[in-house]
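Quick caveat, the model's predicted, so the values are computed rather than measured. Letters A, B, ... mirror the listed sequences (proteins, then strands); counts begin at 1.
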There are 4 protein chains.
Amino acid sequence: MSTEQLIEAGLITDPDSAKGRLLRTAARLFKDKGFNRSTVRDLASELGMLSGSLFYHYPNKEAILQAVIEESIRRALVRMEDALVQADSVSEKLQALIHCEVEAVHGVVDPGFVIMVPEWRNLSEENQAPILVLRSAYEAVWRAVLDQMYAEGLIAVEGGLMRHFIRGALMETTHWFKASGKLSPRALEEQLYQAVVR
Amino acid sequence: MSTEQLIEAGLITDPDSAKGRLLRTAARLFKDKGFNRSTVRDLASELGMLSGSLFYHYPNKEAILQAVIEESIRRALVRMEDALVQADSVSEKLQALIHCEVEAVHGVVDPGFVIMVPEWRNLSEENQAPILVLRSAYEAVWRAVLDQMYAEGLIAVEGGLMRHFIRGALMETTHWFKASGKLSPRALEEQLYQAVVR
Amino acid sequence: MSTEQLIEAGLITDPDSAKGRLLRTAARLFKDKGFNRSTVRDLASELGMLSGSLFYHYPNKEAILQAVIEESIRRALVRMEDALVQADSVSEKLQALIHCEVEAVHGVVDPGFVIMVPEWRNLSEENQAPILVLRSAYEAVWRAVLDQMYAEGLIAVEGGLMRHFIRGALMETTHWFKASGKLSPRALEEQLYQAVVR
Amino acid sequence: MSTEQLIEAGLITDPDSAKGRLLRTAARLFKDKGFNRSTVRDLASELGMLSGSLFYHYPNKEAILQAVIEESIRRALVRMEDALVQADSVSEKLQALIHCEVEAVHGVVDPGFVIMVPEWRNLSEENQAPILVLRSAYEAVWRAVLDQMYAEGLIAVEGGLMRHFIRGALMETTHWFKASGKLSPRALEEQLYQAVVR
DNA sequence: GATGAATGAGGTTTCATTCAT
DNA sequence: CATGAATGAAACCTCATTCAT
C-alpha cells in the first residue's frame, strides 16, 4: 500500500492537515525534549494555540504519543516494503533494510520513529497494543531476511538474535551519529553491514 | 584500585551504609519505573522513611540519580580492569569486556549501570560533567582493545565505530534479554562475540 | 498620565479584572501577614480558587509581590503628580507630597505601597530592577521639592538627607498610626510638616 | 546597672560564653538575611555545630530571636543611661540619645538592635511581652527628654509624636546609611538634630 | 475549532524540631 | 554538649485536563 492509500484509508494522517502538523510537531518535540519533559503547553505554543485546544484533537497527551509512534511505524513499513521490492539478492535486501532504518532514525521525514524506544513506558497497555501489532509486522520483515542470511551462512548468529544486535546498534546511533557529520548515513549503513556480514 | 579502596577513598559508598542502601534502592527503582515516574515518596517509602528524610543525604532528587550513575560506572571500571588483567590475547580481552558489560547490564550487582542511557537527559550539565569524565575512561578501555583487533584484522570496522555498534547491541539487551531465560548470559556474550569477530 | 491611560497601556492592571482582584487581595494579605507568612493557599482561598490557579496568572509567588509593589508605585506617582499640579508654592508642594505619601501608606486605595519596605528582600535582583527605576522617579520628585526648600532656607538640612528622614518618619507610621485614631491623617501630615520646616 | 552587673544578674549573656557567641552570631545572621530566611542550619554551621545542637541551648528558633532582641534592648538601655548622666542640658541629652541610637543601629557592638523592627511579627505574643516591657522603659527615657524640649519650645511637635518621627528617621538609616561612607555617624547625628530642633 | 480560566492531584523541596547515641 | 539521622507538616509549584463561552 502506498502512503496516499494509507492516508485515504485513515491509517496515517495527511501531513498537510492540522492534525498532521500537530503530530509532526509533537514528534519533533518529544524527540528533542522527551515526552515527560514536553508539556502540552510547549506543544500548543509551537502550534500557535493554547494548551486546552489540543484536547479537541486528542483526548489526552498520551494519545498524541501513541499516534506519533503508530504512524511512524506505519510509514516506515511502507518505505521498507517499497525498498525490498527493488532488491534482488538477500544481501541487497539486508542493505535495503538497514538503509530504511537509518533513514527512519536520522532522516528528516520521520522524527517520531526513534521516540518509540525511550518513551515506550509512557504508554498504557491499551495504547501499546496496536503498536505491538505493527511492530511485529515490521520485525517479521527483518526476521525473514536475516533468517535466510543465516541459513546461507552469511551471518554468524541466528536471525532473531542478529536482529536484536542490529536494532541495538542502529538505535544507539541516535546518541552519537549526526547525519551532517564526517560519516555519511550511507557510509554508516555500509559499515554496519560489513561489521556483521562476512 | 579495589572496591574496598574506593570506599575508603570516598569514591563509592559503602553498600552496607544507610546511604549505600539508599543508592541501591534508588537504582532499582529508577531502572524499573524510570526516573521521572519514580517519586521521592516512592523511594522513601521503600526505604521505610519519609520523603523529607532523603534530603538529609542528597540535596535533591537529581543528585541521587547522579550518584547512582557515577558509582555504577566507577564499579564497572574496577571490575573491567580486574577482568582485563586475567586476559592474555586481545580476543580474550574483548570477551572479558563483553562479559563485564553484560554483567553490568544484567547482573544483580549493579542496577544503576543501564540507567545512564535512558535517564541521561534528566541530569543538568553540571551533573553530567563528572560522569562524562568517568565514561571517557571507561570507553577508552574498550577503544584500546577494539583498535588492536581492527589492526589485526579481527573485526571488519574501525574500533570506535565497532564500539558504538557493540554498545548499542548490549544496551538494547535490556529490552529483550532476561538472564533467567533460555539464552544464558554466557551464551549471549559468546553470540555477540561471534557476530562481530571473524 | 492618568490611571485610565496607564491601564490601557498595560502598565497597571484594571482593578475590576480578575488579575486586579488578585493583586489587590495579595497586597492586603502581604501587608497584614507579611509575604513569607502568607501562603499561596491563603491567597487563593481568599480569592475563592485553588492555589494552583494562581500560577495561571503569575509564574510564581514572587512575581505577585513584584507586581503588587510595582503597580503601587506607579499609582502613587500618578497621584503625586496630580497633586503637585495644584500646588503653587514650594511649601504647598511639600505638603502635597506628604499628603500623598500618607495616603499611600494609610489610605484604603493602595495596600501595596508599604509592603515595599519590609518585603524588599524577598525580591530577586531581577525583580527589584524595574521597581528601582520607578522608585528613582518617585524619589526624584521629592528631591526636587526638598532641594528647593533647602535653597530657600526653609529646612535645616540638605534635601536628600531630609528626604531620608521624612521617608523614615512616614514609613514608621505603619507601626503606630491608625487612620481611625485620635490623630487624623491630616493632622499627622501637618505635624510632620511642622516638625521639619521652620 | 552596669553591663557586668547585668551579666551577673543573668539578665544578659556573657558575650564570651558559648551562648553569647550563639546570640551574637544569630544577631548578625538575622540582620543580614532576615529571620525567616536564616535557617537553623545556617546558624549552626556558622557556629561550627549541627543544627540539632542549637536546641540544647534554646527550645526553638523563635526563642533565639527573642533573646537576641531582648538583650540588645537591655544593653542599649544601659548605654543610654550611662550617656545621659554625662549630659547637662536637655539639648545635650537629646544629642546623647540620638548618638546612642545611631550606635545601636550602626555600631559594631549590637547587630541585634535593629532586628526588632522588621522581625517583630515573628514573635508570638508571649515572646513579645517581656520585650514590650523593656521597650517601654527605653521609650520612656526618650519621652522624658522630648517632652521637656517641647515644653521649652525647642521642638515644634509634642514629644511622643516627635519620638515616632525620630525613631522612624533613625531606623530608616539602616536602608541607606553606611558608617563607612562619606557621611560619618557623628555628622548624621548632628544633621538629624538640626533637622528637628530649632 | 479555539480560548481563557480554572481545577486538583501530585510533585519536589524546605526546615524546625526530635531523639537515641 | 554535640551528632546524625530522621520526622512530618507545610511550602511552592507543575501540569494534564476540563469546560463555559
Pairwise salt bridge (charged side-chain N to carboxylate O under 4.0 Å, His left out) hits with a residue in residues 14-26 of chain C, at least two apart: none

Could you name each residue pair satisfying salt bridge (charged side-chain N to carboxylate O under 4.0 Å, His left out) that touches residues 110-120 of chain C, not counting sequence neighbours? Arg75(C)-Asp110(C), Arg79(C)-Asp110(C)

Send over the distance from Leu54(B) CG to dG4(F) C1', rounded to a whole Å. 16 Å

Length of the line joining Tyr58(C):OH and dA5(E):P, which is rounded to integer Å: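 Going from Tyr58(C) (OH) to dA5(E) (P), I get 12 Å.
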
So does Tyr56(B) get a side-chain nitrogen or oxygen closer than 4.0 Å to the phosphate oxygens (OP1/OP2) of dA5(F)? yes

Measuring to OP1 and OP2 of dA6(E), would you say a side-chain N or O of His57(C) lies under 4.0 angstrom away?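 Result: yes.
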
Evaluate side chain to side chain contact (heavy atoms under 4.5 Å, CB included) for Ile69(D) paired with Leu123(D), printing each intermediate quantity in order. CA-CA 10 Å; Ile69(D) 296 178; Leu123(D) 293 174; 4.0 Å; yes

Residue pair [X] / [Y], side-chain heavy-atom distance below 4.5 Å:
X	Y	result
Ile64(B)	Leu43(B)	yes
Asn127(C)	Leu65(C)	no
Phe35(B)	Leu29(B)	no
Ile131(B)	Trp120(B)	yes
Asp32(A)	Arg28(A)	yes

Name the atoms and distances for all side-chain donor-acceptor pairs under 3.5 Å in residues 52-60 of chain B, with sequence neighbours left out.
unit_1	atom_1	unit_2	atom_2	d
Ser53(B)	OG	Leu50(B)	O	3.2
Asn60(B)	OD1	Glu62(B)	N	3.3
Asn60(B)	OD1	Ala63(B)	N	2.9

Strictly under 3.5 Å: I want the nitrogen or oxygen pairs between protein and nucleotides 19-21 of chain F, one per line.
none

Only counting residues at least two apart or in another chain, list the ones meeting side-chain hydrogen bond (donor to acceptor under 3.5 Å, both in side chains) with [X].
X	value
Thr13(B)	Glu71(B)
Arg135(C)	none
Gln66(B)	Glu70(B)
Lys33(D)	Asp42(D)

When you measure from every atom of DNA chain F, which of residues 24-33 of chain C have a heavy atom less than 4.0 Å away?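 Here the set is empty: none.
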
Interface with DNA chain E, restricted to residues 40-50 of chain D and to heavy atoms under 4.0 Å: Val40(D)

Does anything in residues 59-70 of chain B come within less than 4.0 Å of DNA chain E? Heavy atoms only, and list the residues if so.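 Heavy-atom cutoff 4.0 Å gives Pro59(B), Asn60(B), Lys61(B).
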
With a distance cut-off below 6.0 Å to the six-membered ring centre and an angular limit of 45° from the axis, does Lys31(A) pair with Phe113(A) as a cation-pi contact? no

Is a donor on one side and an acceptor on the other found under 3.5 Å between the side chain of Lys61(D) and the backbone of Ser38(D)? yes

Name the nucleic acid region contacted by Ser38(D), choosing base, sugar-phosphate or nothing; use a 4.0 angstrom heavy-atom cut-off, strictly under.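 The residue Ser38(D) makes sugar-phosphate contact but no base contact.
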
Bending between helix ends of the helix from dA2(E)-dT21(F) to dT21(E)-dA2(F) [5 pairs per end, 10° resolution]: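 The end-segment axes of the helix from dA2(E)-dT21(F) to dT21(E)-dA2(F) are tilted 10° relative to each other.
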
By nearest atom, which of the nucleotides dT17(E), dA6(F), dA6(E) is closest to the Phe55(D) side chain?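 The listed nucleotide nearest to Phe55(D)'s side chain is dT17(E).
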
Between Asn122(B) and Arg37(A), a side-chain donor and acceptor under 3.5 Å: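 Present: a donor and an acceptor within the cut-off.
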
5'-most contact on DNA chain F: Ser51(D) or Asn36(C), nearest heavy atom basis? Ser51(D)

